[in-house]
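Structure record follows, encoded as structure tokens.
Excluded from the calculations below are hydrogen atoms, water molecules and symmetry mates; all remaining heavy atoms, backbone and side chain alike, are included. In this text the structure is predicted, and so the values were computed from the model without any measurement. Residues take their numbers from the sequence shown, with the count starting at 1.
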Amino acid sequence: MPTPVSIVALSGSLRRGSLNTALLRAAAATAGNGVQIDVATPRGIPLYDGDLEASEGIPEAVSELKERIVAADGLMIATPEYNNSMPGVLKNAVDWLSRPPKDIPRVFRDRPVAVTGASPGGFGTTLAQSSWLPVLRGLRMRPWFGGRLMLSKAGDAFADDGTLTDEERRKQLAEFVAGFAAFIRAGKAG
């Protein structure tokens with residue numbers, strides 16, 4: 001029996017019909033034995049405002065998400081690609097999660113992270129995924145580079161119930177999740 005692994009899977013979209021949230025739900029459905037995926041979104045997290053932080057502290061939605069990440073073994077980010085880069089709503093969530101700065105080591109340092117994404121276009125989320133690298137480096141996370149998954153033409157990839165319709169894509173997603181889980185397990189063992 002493999003060592004259990006827990007992953008918070010953070011979607012970079014607020015839209016209820018988000019392709020990236022659907023991708024993460026499909027990841028949770030295809031996760032192998034011993035892998036638990038907790039799908040989260042940045043819904044309820046306000047725009048970062050230092051005055052708000054000073055007057056009211058960290059918003060409850062941020063604190064709750066922060067604790068879910070701290071309790072997990074790894075973080076999987078599903079990033080949309082907007083204007084050839086990461087979406088503001090997801091970057092905003094990460095900015096809030098890094099507040100106050102003394103929490104950065106507890107939430108992010110050495111935390112295994114995988115980046116994936118879904119796009120209705122033909123190029124997937126190549127540029128958005130790459131734009132996350134300086135952020136992950138700055139937070140001192142431990143990115144997994146053993147696999148890459150960019151679900152292009154994702155508007156056609158899901159059935160009405162949210163399942164991936166293509167067996168090859170399901171297989172690729174399952175391999176991506178298994179590879180990331182193995183990376184997390186190797187870090188826990190080492």
**Message:** According to salt bridge (Lys or Arg N to Asp or Glu O under 4.0 Å), who are the partners of R170, at least two apart in sequence or on a separate chain?
**Reply:** E167
**Request:** Just jot down the salt bridge (Lys or Arg N to Asp or Glu O under 4.0 Å) partners of E67, sequence neighbours excluded, or say none.
**Result:** R106
**Request:** Only counting residues at least two apart or in another chain, list the ones meeting salt bridge (Lys or Arg N to Asp or Glu O under 4.0 Å) with K188.
**Result:** D73
**Asked** Among the clusters formed by ILVMFWY side chains lying less than 4.5 Å apart, do F180 and L136 turn up in the same one?
**Response** no
**Request:** Provide the full list of salt bridge (Lys or Arg N to Asp or Glu O under 4.0 Å) pairs with a residue in residues 133-151, sequence neighbours left out, each pair given once.
**Result:** none
**Request:** Give the cluster check for I7 versus I77: same hydrophobic cluster or not, with ILVMFWY residues linked at side-chain heavy-atom distances below 4.5 Å.
**Result:** no
**Message:** Rounded to the nearest 0.5 Å, what separates atom CG in D161 from atom OG1 in T163?
**Reply:** 3.5 Å
**Asked** Roughly how far, to the nearest 0.5 Å, is CG of L75 from CG of L139?
**Response** 10.0 Å
**Asked** Angle class for the Y48/W96 ring planes (parallel below 30°, perpendicular above 60°, tilted otherwise)?
**Response** perpendicular
**Message:** With salt bridge (Lys or Arg N to Asp or Glu O under 4.0 Å) as the rule and sequence neighbours excluded, what pairs involving residues 82-101 come up?
**Reply:** E53-R99, K91-D95
**Item:** Side-chain donor or acceptor of R169 paired with backbone N/O of T165 under 3.5 Å
**Value:** no
**Request:** Supply the atom-to-atom distance M76 CE to L149 CG, rounded to the nearest 0.5 angstrom.
**Result:** 9.0 Å
**Fill in**
Sorted by chain and number, sequence neighbours left out, side chain to side chain donor-acceptor pair (under 3.5 Å) with Q172 holds for none
